[in-house]
Participant: 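First, the structure itself, so that you have it in front of you.
Letters A, B, ... mirror the listed sequences (proteins, then strands); counts begin at 1. Note that the coordinates shown come from a computational prediction; the quantities given were computed from them, not determined experimentally.
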Protein chains: 2
Amino acid sequence: MTCSLKYAPQLRAQGLRMTPQRVAILHVLHQTGGHLSPTQVYELARKEHPSLTEPTVYRTLEELAERKFLLAAHVGSGRMVYELAENHNHHHLICRECRAEIQIEHAALEKLFGELETSSGYRFIDSHVTFFGLCPKCQKINKGD
Amino acid sequence: MTCSLKYAPQLRAQGLRMTPQRVAILHVLHQTGGHLSPTQVYELARKEHPSLTEPTVYRTLEELAERKFLLAAHVGSGRMVYELAENHNHHHLICRECRAEIQIEHAALEKLFGELETSSGYRFIDSHVTFFGLCPKCQKINKGD
DNA sequence: TATACTATTGCAACTTCTTGCAATAAGGAA
DNA sequence: TTCCTTATTGCAAGAAGTTGCAATAGTATA
């Protein structure tokens, strides 16, 4: 619980408030470590703060992602998941078949982002990206067909 | 209308059937040219085939995207959009502020995909990717603040 | 500590998306 | 053409995500 409070000064610096709802939401994201869907966050955080509602979860996740406290990612299908941004800067590579997931270091994309900025005129390209492919295991299985 | 029928042989080759619903859906995607949300496809295609239902639209778009007849993309917020894959192989770069959108040639990402395949062991990485940044216009505006 | 400002919440209603299942209709074979 | 197989559809119900607004409660200030 306390661990979530360390964000309080940073939130306030941006004109945001540290409410018990936000403490609960940050807490479950911290405890879980990985990424969670809004529904998962809602179910888990509700145990800590029973009066929590769904709109609050959605609005909070979106707000905190906008302010870079959280990373938002698509993991297929069109559903969003969120994770704490503090951990590190990475991207995702997910197997189309079995959903096995590995992380891509941000360094691997930095050069591309630089090139895109130069060629497009756009700036501050820092998207959190998810790639899809076939993992080694599923490559073998498909060969067997 | 006829233009959509050219897909029929390709669909059949994959065990899919060319129904009037699919003709209508492909037709609106063809007419519009760009990408459309499932709701937009539903509203437009319903004019051609009034008995069309939402589940059919969602299932069809997903199926056709899976078979590579369509490209699925996230354009922020977590909503999916679809466009005909035939046009060309490209990716998107969208302005975080004003939503202005430009296309990125696939060639710009090919090297990265190759590197990722080598380093990860994953194969057939060909994701349709959307990047976010600040367009030239919005960079100026933000400077003025 | 009390006050005032306003960010945030909960509620209720709504839109968007998904799922299971029985009925329908493409399209290959006779 | 007719029959048969089974992919596809529509329906109905439900899950997930969104929005507007009035009430609540953080937090800065006095």
Participant: Can you check side-chain contact (heavy atoms from CB on, under 4.5 Å) on B:His35 and B:Glu101, steps first, answer last?
Facilitator: CA-CA 12 Å; B:His35 46 55; B:Glu101 189 178 329; 2.8 Å; yes

Participant: Return the value, rounded to whole Å, for the distance between atom CD of B:Glu62 and atom C1' of D:dT9.
Facilitator: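 Those two atoms, CD and C1', are 16 Å apart.
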
Participant: Quick one: which of C:dT9, D:dT9, C:dC17 gets closest to the side chain of A:Thr19?
Facilitator: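 Selected nucleotide (nearest to the side chain): C:dT9.
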
Participant: Closest to the B:Arg79 side chain: D:dT8, C:dG28, D:dT18?
Facilitator: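 Of all the options, the side chain of B:Arg79 is nearest to D:dT18.
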
Participant: Can you tell me which nucleotide in C:dG10, C:dT8, D:dA28 comes closest to the side chain of A:Arg12?
Facilitator: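 Selected nucleotide (nearest to the side chain): D:dA28.
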
Participant: For the residue pair B:Phe113 and B:His106, is the inter-centroid distance of their aromatic rings smaller than 6.0 Å?
Facilitator: yes

Participant: Answer with base, sugar-phosphate or nothing: what part of the nucleic acid does A:Glu54 contact at a heavy-atom distance below 4.0 Å?
Facilitator: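 The answer is nothing, as A:Glu54 stays clear of every strand by at least 4.0 Å.
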
Participant: Phosphate oxygens OP1/OP2 of C:dA26: is one of them under 4.0 Å from a side-chain N or O of B:Gln21?
Facilitator: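 No, because none of the side-chain N or O atoms of B:Gln21 sits under 4.0 Å from OP1 or OP2 of C:dA26.
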
Participant: Would you say D:dA16 has OP1 or OP2 under 4.0 Å from some side-chain N or O of A:Ser37?
Facilitator: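 No, no such contact exists.
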
Participant: Could you say whether B:Pro55 or A:Thr56 is positioned toward the 5' end of DNA chain C, judged by the nucleotide with the nearest heavy atom to each?
Facilitator: A:Thr56

Participant: Check if the side chain of A:Arg17 and the base of C:dT6 share a donor-acceptor pair of N or O atoms closer than 3.5 Å.
Facilitator: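 Yes, a donor-acceptor pair under 3.5 Å.
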
Participant: The side chain of B:Thr53 lies closest to which of these nucleotides: D:dG10, C:dC11, D:dT27?
Facilitator: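 Looking only at side-chain atoms, B:Thr53 lies closest to D:dG10.
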
Participant: Taking the side chain of A:Arg22 as its heavy atoms from C-beta onward, which of C:dT9, D:dG10, D:dA16 lies nearest to it?
Facilitator: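 Nearest listed nucleotide: C:dT9.
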
Participant: Would you kindly check whether a donor in the side chain of B:Arg59 faces an acceptor in the base of C:dG20, or vice versa, at under 3.5 angstrom?
Facilitator: yes

